[in-house]
Each structure stands twice: as structure tokens, then as C-alpha cells.
S.K.: 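Okay, here's the structure, questions in a sec.
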Amino acid sequence: MTTYQSHADTNKLIRKALKEAFPDIVFSVRKSGGSTYIRWTDGPTQRAVDKIAKHFEGATFDGMTDYRGGSVHSMNGEEIHFGADFVFTSREITNAHRATCLAQIDALP
């Protein structure tokens with residue numbers, strides 16, 4: 001039997017997972033239509049956040065055939081369908097953080 005999570009409950013799970021992985025970063029997790037949008041400033045890379053957040057997508061899409069299908073996951077030994085169809089992430093980098101990164105690169109031998 002598959003358990004269905006609401007979009008709001010799915011977003012709560014996303015917030016919890018991101019907080020556990022990146023406790024010092026503030027994430028904005030918002031619903032828009034059938035998707036969830038996650039934004040944050042500086043901190044982890046988009047790839048690192050995607051690795052966690054994309055697990056909560058409840059749909060798949062094949063552009064070659066223009067097919068959108070459901071996706072079932074396993075959580076705590078149960079089959080679960082998450083309420084957010086797709087999860088999109090967006091990282092903002094401040095000028096101060098950019099300058100710090102460039103200084104570290106310049107300091108490399």
C-alpha cells in the first residue's frame with residue numbers, strides 16, 4: 001500500500017532533511033503550483049542541495065515522449081508518494097562570499 005503525502009507535508013520533510021544536512025543555512029521552501037521551490041544564500045552548492053531535495057519529487061518527466069508520470073519512493077520501509085511534483089533549487093551568492101572564494105583560489109599554489 002502506498003502512502004500519499006500532501007504537498008505541505010512533503011515540504012515539511014524537505015525542510016527537516018535540509019536542516020539536518022545544513023544546520024547553519026536558512027532555506028526558503030515554498031509551494032508554487034504543483035512544484036516546490038527552494039532558495040538560499042551562500043552555503044552549500046546547488047548540487048549538494050539537489051542531492052537531498054530531489055529525493056522528494058513525486059513526479060517524473062520524459063521530454064522525448066512528453067510523458068509525465070508518478071514516482072513512488074521508499075521511506076521507513078513504506079512506499080510513499082510525495083505531494084510536490086517537482087523540486088527546483090536556486091542558490092544566491094553574495095559579493096562577499098564570491099570575494100572570499102576568489103581569494104581562496106588566488107592563494108592556491
Side-chain angles (χ1 to χ4, degrees):
M1 185 169 135
T2 302
T3 302
Y4 290 87
Q5 289 285 327
S6 70
H7 200 150
D9 288 340
T10 298
N11 285 354
K12 287 177 187 177
L13 292 171
I14 292 171
R15 284 184 190 95
K16 181 180 177 188
L18 292 173
K19 187 68 172 172
E20 287 175 4
F22 312 106
D24 298 331
I25 303 300
V26 176
F27 291 93
S28 169
V29 180
R30 299 286 180 253
K31 174 187 174 186
S32 181
S35 296
T36 293
Y37 292 82
I38 302 170
R39 297 180 52 92
W40 71 101
T41 302
D42 298 335
T45 64
Q46 187 169 358
R47 182 179 294 193
V49 173
D50 281 350
K51 188 174 181 181
I52 293 167
K54 295 286 187 177
H55 172 76
F56 295 94
E57 288 186 320
T60 60
F61 182 74
D62 180 354
M64 293 295 290
T65 60
D66 197 28
Y67 171 77
R68 181 195 164 278
S71 180
V72 177
H73 300 273
S74 179
M75 189 167 111
N76 299 327
E78 293 183 47
E79 285 189 348
I80 187 166
H81 178 81
F82 294 114
D85 288 339
F86 300 101
V87 176
F88 300 99
T89 59
S90 177
R91 177 187 184 204
E92 182 179 327
I93 301 174
T94 61
N95 287 335
H97 186 70
R98 186 175 285 111
T100 300
C101 292
L102 290 174
Q104 289 175 349
I105 291 170
D106 286 343
L108 294 173

S.K.: Quick check for you: to the nearest 0.5 Å, what is the distance between Phe56 atom CZ and Leu13 atom CG?
M.R.: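 Phe56 atom CZ to Leu13 atom CG measures 5.5 Å (nearest 0.5 Å).
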S.K.: How about Arg91: does its CZ atom have over 12 heavy atoms from other parts shown lying under 6.0 Å from it?
M.R.: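 Above 12, so yes.
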S.K.: How far does CD1 of Ile105 sit from OG1 of Thr100, to the nearest 0.5 angstrom?
M.R.: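 Output value for this atom pair is 11.0 Å.
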S.K.: Identify the two heavy atoms, one from Ala48 and one from Pro44, that lie closest to each other, and give their separation to 0.1 Å.
M.R.: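 That closest heavy-atom pairing would be CB-CB, 4.3 Å.
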S.K.: Without swapping roles, check the side chain of Glu92 against the backbone of Thr41 for a donor-acceptor pair under 3.5 Å.
M.R.: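 Side chain of Glu92 to backbone of Thr41: no pair is present.
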S.K.: Mark yes when over 12 heavy atoms from residues, nucleotides or ligands other than Lys51 sit less than 6.0 Å from its NZ; otherwise mark no.
M.R.: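 Not buried by this count: 12 neighbours or fewer within 6.0 Å.
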S.K.: Can you confirm whether the side chains of Thr10 and Gln5 place a donor and an acceptor under 3.5 Å from each other?
M.R.: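 On atom types as modelled, these side chains do not qualify, holding no pair under 3.5 Å.
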S.K.: Just how far is it from atom OG of Ser28 to atom CZ of Arg15, taken to the nearest 0.5 Å?
M.R.: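 Answer rounded to 0.5 Å: 8.0 Å.
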S.K.: If you measure from CG on Asp42 to CD1 on Ile25, what distance do you get to the nearest 0.5 Å?
M.R.: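 So the CG of Asp42 and the CD1 of Ile25 are separated by 7.5 Å.
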S.K.: With side-chain contact (heavy atoms from CB on, under 4.5 Å) as the test, would you mind laying out the steps for Val49 and Trp40 before giving the verdict?
M.R.: CA-CA 10 Å; Val49 173; Trp40 71 101; 3.5 Å; yes
S.K.: Walk me through it: do Glu78 and Ile80 pass the test side-chain contact (heavy atoms from CB on, under 4.5 Å)?
M.R.: CA-CA 6 Å; Glu78 293 183 47; Ile80 187 166; 5.7 Å; no
S.K.: Which class fits the ring pair Phe88 and Tyr37: parallel under 30°, tilted 30 to 60°, perpendicular over 60°?
M.R.: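 Ring orientation of Phe88 relative to Tyr37: parallel.
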S.K.: Find the distance between CZ (Phe82) and NE2 (His7) and round it off to the nearest 0.5 Å.
M.R.: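 Here the rounded value is 12.0 Å.
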S.K.: Is there a side-chain contact (heavy atoms from CB on, under 4.5 Å) between Ile52 and Phe22 once you walk through the steps?
M.R.: CA-CA 11 Å; Ile52 293 167; Phe22 312 106; 3.7 Å; yes
S.K.: Just how far is it from atom NZ of Lys19 to atom CZ of Phe27, taken to the nearest 0.5 Å?
M.R.: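 With rounding to 0.5 Å, NZ (Lys19) is 9.0 Å from CZ (Phe27).
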